**Q** 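Right, I'll just put the structure down here and ask away after.
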Amino acid sequence: MLFGKEHVKRYQETDGAEGHEWQGTTTLLLTTIGRRSGEERTTPLIYQKNGDDHLVVASKGGADEPPLWYLNLQANPEVKVQVKADKFTARARTATPEEKSKLWKKMTAVWPDYDNYQKKTDREIPIVILERSS
């Protein structure tokens, strides 16, 4: 997580005026449903647009296990997204290997550490495509 709960709170309160821009890049808020708790969980994530879709990386800083939000969306791919004041529902899916090769370059252009994170783990770090549904 970036700034954790405080980041989420300020982003939501200001419609992204605070929190959208972060350390030279941009973030969105992704809300998943906890696969065990059934409760909403909101996480700030670096993103990039790809046509009408939004891309996020399930890196967890190169940890050997995926982030919890990724496990949650695997159990329930229907998610909520907030980009600045734009709030919408989306269907999340993991990019195919063919898609990932092109999209990885797009994501490392805005956050080069993703390459370092991939070197730290044997886990294939996925790119998640958020396809707007409303």
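Small disclaimer: the values here were computed from a predicted structure and weren't measured.
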**Q** At what distance, to the nearest 0.5 angstrom, does OG1 of Thr14 lie from NZ of Lys9?
**A**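 Rounded to the nearest 0.5 Å, the OG1-NZ separation comes to 11.0 Å.
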**Q** Supply the atom-to-atom distance Leu71 CG to Arg36 CZ, rounded to the nearest 0.5 angstrom.
**A** 8.5 Å
**Q** Within the side chain of Thr27, is there an N or O that forms a donor-acceptor pair under 3.5 Å with the backbone of Gly19?
**A**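 Here the side-chain-to-backbone pair exists.
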**Q** When you measure from the side chain of Gln118 to the backbone N and O of Asp115, does any donor-acceptor pair fall under 3.5 Å?
**A**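 No.
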**Q** Does the side chain to side chain contact (heavy atoms under 4.5 Å, CB included) test come out yes or no for Ile46 and Val57, once each step is laid out?
**A** CA-CA 8 Å; Ile46 294 168; Val57 178; over 6 Å; no
**Q** Using a strict threshold of under 4.0 Å (side-chain N to carboxylate O), is an ion pair present between Lys100 and Glu98?
**A** no
**Q** Could you tell me whether Arg93 atom CZ has more than 12 heavy atoms of other residues or ligands within 6.0 Å of it?
**A** yes
**Q** For the atom pair CG (Leu68) and CG (Leu73), what is the distance rounded to the nearest 0.5 Å?
**A**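 Answer for the CG-CG pair, Leu68 versus Leu73, is 11.0 Å.
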**Q** Return yes if some donor-acceptor pair links the side-chain N/O of Lys120 with the main-chain N/O of Ala63 below 3.5 Å, else return no.
**A**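 Checking the backbone N and O of Ala63 against the side chain of Lys120, no donor-acceptor pair under 3.5 Å is found.
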**Q** Is the number of heavy atoms from other residues, nucleotides or ligands within 6.0 Å of NZ (Lys102) greater than 12?
**A**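 Atom NZ in Lys102 is not packed in, count stays at 12 or less.
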**Q** Do Val81 and Ile33 land in one hydrophobic cluster if side-chain heavy atoms of ILVMFWY residues count as linked below 4.5 Å?
**A**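 In one cluster: no.
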**Q** Tyr47 and Trp111: side-chain donor and acceptor closer than 3.5 Å?
**A**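 Per modelled atom types, Tyr47 and Trp111 side chains form no pair under 3.5 Å.
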**Q** Do side-chain atoms of Thr108 reach the backbone of Pro112 as a donor and acceptor pair under 3.5 angstrom?
**A**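 Here the side-chain-to-backbone pair does not exist.
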**Q** Side chains of Asn50 and Asp53: any donor to acceptor distance under 3.5 Å?
**A** no
**Q** Let me see the working for His54 and Leu28 under side chain to side chain contact (heavy atoms under 4.5 Å, CB included), right down to the final yes or no.
**A** CA-CA 9 Å; His54 292 77; Leu28 57 69; 4.1 Å; yes
**Q** Ignoring hydrogens, what is the shortest heavy-atom contact between Ala92 and Leu130? Give both atom names and the distance.
**A**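 Closest pair (atom of Ala92, atom of Leu130, distance): CB-CD2, 3.7 Å.
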**Q** Any salt bridge between Lys84 and Glu21, counting N to O under 4.0 Å?
**A** no
**Q** Between the side chain of Thr25 and the main-chain N/O of Trp22, is any donor-acceptor distance below 3.5 Å?
**A**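 Not confirmed, Thr25 side chain does not pair with Trp22 backbone.
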**Q** Between Thr89 and Val79, is a side chain to side chain contact (heavy atoms under 4.5 Å, CB included) present by the stated rule, with each step listed?
**A** CA-CA 6 Å; Thr89 58; Val79 298; over 6 Å; no
**Q** Quick one: sort the His7 and Tyr11 rings into parallel, tilted or perpendicular, breaks at 30° and 60°.
**A** parallel
**Q** Yes or no on side chain to side chain contact (heavy atoms under 4.5 Å, CB included) for Thr96 and Glu99, after CA distance, side-chain angles and deciding distance?
**A** CA-CA 5 Å; Thr96 66; Glu99 289 172 315; 3.2 Å; yes
**Q** Measuring from atom CH2 of Trp69 to atom CD of Gln74, what distance do you get when rounded to the nearest 0.5 angstrom?
**A**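 One gets 9.5 Å once the value is rounded to the nearest 0.5 Å.
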**Q** Can you check whether Thr32 reaches Glu40 side chain to side chain, under 4.5 Å on heavy atoms?
**A** no
**Q** For Ser133 versus Arg91, what's the shortest heavy-atom pair and its separation?
**A** OG-N, 4.4 Å
**Q** Backbone N or O of Gly62 within a donor-acceptor pair of the Ser59 side chain at under 3.5 Å?
**A**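 Absent.
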**Q** Spell out, as yes or no, whether a donor-acceptor pair under 3.5 Å connects the side chain of Gln48 to the backbone of Leu103.
**A** no
**Q** Once rounded to the nearest 0.5 Å, what's the spacing between atom CG of Asp64 and atom CG of Asp122?
**A**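 Rounded to the nearest 0.5 Å, the CG-CG separation comes out at 6.5 Å.
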**Q** Please determine if Asp86 and Arg132 form a salt bridge, counting it only when a charged side-chain N lies under 4.0 Å from a carboxylate O.
**A** yes
**Q** First locate atom OG1 of Thr31, then atom CD of Glu39, and finally report the distance between them rounded to the nearest 0.5 Å.
**A**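 Result: 13.0 Å between the selected atoms.
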**Q** Which residue is it: Leu55, Leu29, Leu30? I am looking for the one with a side-chain contact (heavy atoms from CB on, under 4.5 Å) to Leu45.
**A** Leu30
**Q** Answer yes or no: are there more than 12 heavy-atom neighbours, outside Lys49 itself, under 6.0 Å from its atom NZ?
**A**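 It does: Lys49 NZ has more than 12 such atoms within range.
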**Q** Does a side-chain heavy-atom distance below 4.5 Å link Lys80 with Thr42?
**A**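 The answer is no, as the side chains (C-beta and beyond) never meet within the 4.5 Å cut-off.
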**Q** Between Asn72 and Arg35, is there a donor-acceptor pair closer than 3.5 Å when you use the side chain of the first and the backbone of the second?
**A**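 Present.
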**Q** Do Glu65 and Lys60 sit within salt-bridge range, that is, some charged N less than 4.0 Å from a carboxylate O?
**A**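 Yes.
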